[in-house]
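What follows is a short report on a single structure.
Every chain is numbered from 1 and lettered A, B, ... according to where its sequence line falls, protein lines coming before strand lines. These figures come from a predicted structure and were not determined experimentally.
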There are 2 protein chains.
Amino acid sequence: MRDVAARAQVSAMTVSRVLKEDERVSTATRAKVLAAVEELGYRRNEVARNLRLGRPSGMIGLVVTNLANPFYSRLALGAEQVAEEHGLRLVLGNTAEQVQRERELVEDLVSRRVDGMIVVPAGASQRHLAPDVLGPTPVVLAGRPPAGIEADTVLVDDFGGAHAATARLIADGHRSIGFVGNPPALFTGAERFRGYWAAHEEAGLTPREEWISRGAYDIPGAEAAAHRLLDRTDAPTALFCTNNRITLGAYRAVRGLRSGTALAAFDDFEMADLLDVPVTVVAYDADEVGRRAARLLLDRIDEKSAAPRQPPRRTVVPTHIVHHTGA
Amino acid sequence: MRDVAARAQVSAMTVSRVLKEDERVSTATRAKVLAAVEELGYRRNEVARNLRLGRPSGMIGLVVTNLANPFYSRLALGAEQVAEEHGLRLVLGNTAEQVQRERELVEDLVSRRVDGMIVVPAGASQRHLAPDVLGPTPVVLAGRPPAGIEADTVLVDDFGGAHAATARLIADGHRSIGFVGNPPALFTGAERFRGYWAAHEEAGLTPREEWISRGAYDIPGAEAAAHRLLDRTDAPTALFCTNNRITLGAYRAVRGLRSGTALAAFDDFEMADLLDVPVTVVAYDADEVGRRAARLLLDRIDEKSAAPRQPPRRTVVPTHIVHHTGA
DNA sequence: CTGTTAGCGCGTTCAC
DNA sequence: GTGAACGCGCTAACAG
């Protein structure tokens with residue numbers, strides 16, 4: 001900036017004014033300054049600017065558990081979109097489901113003075129995200145609810161979606177519906193199990209324990225789990241799968257049998273309509289999760305300092321059922 | 001920091017030293033300072049720190065065209081991984097293939113003093129990324145080669161992959177192989193077409209113009225394009241598809257016909273082995289593209305100022321063929 | 001071992 | 001309209 005000032009034969013202050021589009025600069029001076037800026041390829045240092053203005057960095061942090069999962073990359077896309085509209089940049093961190101990584105990332109983001117952050121929490125507790133330990137940086141949780149703290153949250157309607165999909169299977173005449181899910185420790189898994197169960201109860205049914213498998217966390221695991229359910233003499237006639245990975249595994253098992261076992265599945269996927277068994281998927285807008293999280297965060301950022309801290313807000317992104325009859 | 005200093009009854013400098021883990025501080029003072037830090041929940045401001053140290057922000061920019069595409073989210077994941085290992089954070093921007101957005105993002109990232117950036121270029125020229133306009137911020141291109149500038153680049157072996165997949169079809173006895181691709185303006189599309197063509201030439205074949213479609217850019221478009229090829233009386237017995245979206249569309253067309261038309265396709269996808277036609281996919285490690293890009297960038301960052309600017313480097317991520325016989 | 005001075009790049013405040 | 005002084009939060013260089 002000094003160089004520009006020297007070249008334009010003005011003070012640094014005048015350069016600052018021109019770049020800030022301050023009116024009180026003569027047209028002639030402005031032209032001189034802009035010429036110098038051009039010639040030197042000068043760019044104002046936004047970091048120093050924010051420091052001087054006492055502002056945070058103009059960035060929002062996004063901490064996800066697994067960017068390779070389309071759900072989270074869509075979430076990131078949605079958040080980026082809203083952030084962009086407000087002139088904010090997104091700083092990305094991937095925790096690989098490790099709480100320790102999450103802790104470090106969050107610390108680092110605060111030290112970098114992000115305006116706020118969106119976190120998909122990896123662990124059982126989010127105490128380290130509490131205002132009294134984190135300071136004034138606003139936090140919004142996405143995908144999983146807060147535990148041990150209060151915080152704005154965006155969730156997917158896990159219960160409702162699982163309920164509707166299961167109900168659909170029941171309506172289609174299925175009376176023995178297996179459950180292939182990830183470990184119940186995961187919130188989404190637990191909620192989706194609740195939905196599966198509730199749909200049964202409402203129909204006066206009780207799922208048999210032998211039809212329930214809750215240990216799989218990848219495709220081969222899910223395939224094996226589905227096989228164990230389907231190999232029984234009283235095998236279920238349909239399977240409810242709690243996420244896209246589980247579904248792919250279960251489909252492999254179902255397909256091998258050619259038994260026509262129906263599937264219901266959380267998470268839509270592109271080839272769902274091309275499978276050779278009936279598939280009912282629970283679809284939802286993952287981008288919207290990111291957009292809503294970003295909006296909640298922006299609200300908090302604007303609200304800052306004002307008012308006696310609003311109570312935490314929670315929003316649930318709806319799901320809808322898509323039914324494919326199977327080819 | 002002043003508050004901490006006051007509370008610990010030392011100077012700010014001492015606090016700075018303790019936090020920097022400078023040895024020359026008495027154990028007693030250190031303890032006092034750390035206690036004060038703890039009590040106040042103080043966190044050093046990394047932004048001010050970097051400013052004072054004359055360093056960039058400790059972040060690297062990543063500008064992609066479409067984060068919803070798994071290729072780019074995997075790329076981001078790979079880059080994040082390497083950045084993380086070096087204590088750098090990733091700042092993300094999505095251009096939605098708009099050059100204007102890319103320009104703005106790049107400008108902004110430079111103003112934020114990123115250490116460097118990885119860009120998946122959206123437009124036909126990357127003049128705006130040239131060192132003389134961007135300044136000293138290092139740039140690495142990913143997925144598409146530089147045009148109008150010199151720059152380090154990471155590419156996928158588009159030509160080789162397309163060549164190998166097509167050759168495989170030919171080896172399997174196919175003599176009429178259709179081409180369903182995106183517009184040739186895209187580098188990847190052009191390269192993959194070259195591979196398709198070269199494999200034919202080497203086998204003494206020449207693809208018929210009527211078997212070549214190069215306009216599709218989404219799934220329905222690809223399905224329609226494939227239908228047009230397959231509805232001919234001299235329909236090809238196999239189709240080469242230039243990317244995952246195209247493949248999904250083409251499969252829909254192929255499947256409807258039950259003609260047993262074989263597919264070869266760039267980009268692997270999870271259900272490739274479950275389709276009811278033979279599918280040959282060109283698979284590659286998208287994470288690796290991001291990792292290599294990050295490494296190239298880190299090299300440039302380290303090299304900075306030293307030496308008389310090394311020549312641009314280029315690396316090509318290999319592909320491999322996976323063949324599925326069709327169920 | 002610890003404190004003081006000075007300044008990273010910028011903008012507010014108050015002069016001229 | 002324009003400039004000088006001062007400070008955002010931090011630390012290198014030099015004192016002591």
Side-chain angles (χ1 to χ4, degrees), chain A residues 1-34 36-37 40-59 107-115 135-137 305, chain B residues 1-37 40-59 107-115 135-137 304-305:
Chain A
M1 186 150 161
R2 265 211 299 272
D3 299 346
V4 175
R7 193 172 234 279
Q9 307 185 64
V10 296
S11 74
M13 198 52 242
T14 302
V15 178
S16 172
R17 288 207 181 89
V18 171
L19 264 36
K20 205 196 331 176
E21 309 195 2
D22 192 319
E23 296 304 319
R24 314 169 301 191
V25 181
S26 75
T27 319
T29 329
R30 186 194 317 279
K32 270 197 306 183
V33 170
L34 289 177
V37 164
L40 269 49
Y42 170 75
R43 268 175 200 75
R44 185 168 60 183
N45 184 332
E46 289 300 323
V47 174
R49 180 175 161 81
N50 286 329
L51 178 63
R52 172 63 241 243
L53 293 177
R55 297 195 299 213
S57 61
M59 307 187 300
E107 281 295 314
D108 182 69
L109 291 171
V110 171
S111 293
R112 290 178 188 280
R113 299 298 187 263
V114 292
D115 293 47
T137 311
S305 76
Chain B
M1 183 148 161
R2 266 212 298 273
D3 299 347
V4 175
R7 193 172 236 277
Q9 307 186 69
V10 296
S11 75
M13 196 56 235
T14 300
V15 177
S16 173
R17 287 207 182 89
V18 171
L19 264 35
K20 204 196 332 172
E21 309 195 4
D22 192 318
E23 296 305 317
R24 314 168 303 189
V25 180
S26 77
T27 319
T29 324
R30 186 194 319 279
K32 270 198 307 186
V33 170
L34 289 177
V37 164
L40 269 49
Y42 169 76
R43 265 177 202 75
R44 184 168 59 183
N45 183 333
E46 289 300 323
V47 173
R49 180 174 160 83
N50 286 329
L51 178 64
R52 174 61 240 241
L53 293 177
R55 297 196 298 212
S57 61
M59 306 187 301
E107 282 294 314
D108 183 69
L109 291 172
V110 172
S111 293
R112 290 179 188 279
R113 299 297 187 264
V114 292
D115 294 46
T137 312
K304 212 64 171 292
S305 76

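- Residues B:Val15 and B:Val10 meet the side-chain proximity criterion, which asks for heavy atoms closer than 4.5 Å.
- In this structure, A:Met1 and A:Ser16 approach most closely via the heavy-atom pair CE-CB, 3.1 Å.
- In this structure A:Arg17 satisfies the salt bridge (charged side-chain N to carboxylate O under 4.0 Å, His left out) test with no other residue, sequence neighbours excluded.
- To the nearest 0.5 Å, atom OG of residue B:Ser57 and atom CE of residue A:Met59 are 7.0 Å apart.
- In this view, B:Arg30 satisfies the salt bridge (charged side-chain N to carboxylate O under 4.0 Å, His left out) rule with no residue, not counting sequence neighbours.
- Heavy atoms of B:Arg24 sit under 4.0 angstrom from at least one base atom.
- For the pair A:Tyr42 and C:dC10, the criterion of a side-chain N or O lying under 4.0 Å from OP1 or OP2 is met.
- Judged as a side-chain hydrogen bond (donor to acceptor under 3.5 Å, both in side chains), and not counting sequence neighbours, the contacts of A:Ser26 are A:Thr29.
- Taking only side-chain nitrogens and oxygens, B:Arg55 never comes nearer than 4.0 Å to OP1 or OP2 of C:dC8.
- Residues that satisfy the side-chain contact (heavy atoms from CB on, under 4.5 Å) test with B:Leu109, not counting sequence neighbours, are A:Arg89, B:Val63, B:Val91, B:Val114, B:Met117.
- If you find the closest nucleotide of DNA chain C to B:Gln9 and to B:Ala48, the one lying nearer the 5' end belongs to B:Gln9.
- Residues from residues 11-22 of chain B lying near DNA chain C, meaning a heavy-atom separation below 4.0 Å, are B:Ser11, B:Met13, B:Thr14, B:Arg17 in numerical order.
- End-to-end axis angle of the helix from C:dC1-D:dG16 to C:dC16-D:dG1, from C1' rotation axes over five pairs per end: 40° (rounded to 10 degrees).
- Between A:Arg55 and A:Arg49 the shortest heavy-atom distance is NH2-NE, 3.9 Å.
- Looking at heavy atoms from C-beta onward, A:Leu19 lies in side-chain contact with A:Val37 at the 4.5 angstrom threshold.
- Remark: nothing in residues 29-36 of chain B comes within less than 4.0 Å of DNA chain D through any heavy atom.
- B:Leu51 comes within 4.0 angstrom of a base, heavy atoms only.
- To the nearest angstrom, P of C:dG7 lies 17 Å from CE of A:Met1.
- The side-chain hydrogen bond (donor to acceptor under 3.5 Å, both in side chains) check on A:Thr137 picks up nothing, with sequence neighbours excluded.
- Counting all heavy atoms, side chain and backbone alike, B:Ala8 lies closest to B:Val33 at CB-CA, 3.9 Å.
- In terms of the side-chain hydrogen bond (donor to acceptor under 3.5 Å, both in side chains) criterion, residue partners of B:Glu107 (sequence neighbours excluded) are, by chain and number, A:Arg43.
- Residues passing the salt bridge (charged side-chain N to carboxylate O under 4.0 Å, His left out) test with A:Arg24, sequence neighbours excluded: A:Asp22.
- Residue contacts shown for B:Val47 are absent, as no nucleic acid heavy atom lies under 4.0 Å away.
- To the nearest angstrom, C1' of C:dC10 lies 15 Å from CZ of B:Arg112.
- For A:Arg112, the salt bridge (charged side-chain N to carboxylate O under 4.0 Å, His left out) criterion is met by A:Asp108, not counting sequence neighbours.
- Between B:Asn45 and A:Arg52, it is A:Arg52 whose nearest contact on DNA chain D lies nearer the 5' terminus.
- Rounded to whole angstrom, the span from the CZ atom of B:Arg2 across to the C1' atom of C:dG3 amounts to 16 Å.
- With a cutoff of under 4.0 Å to any heavy atom of chain A, the contacted region of DNA chain D is bounded 5' to 3' by D:dG1 to D:dG9.
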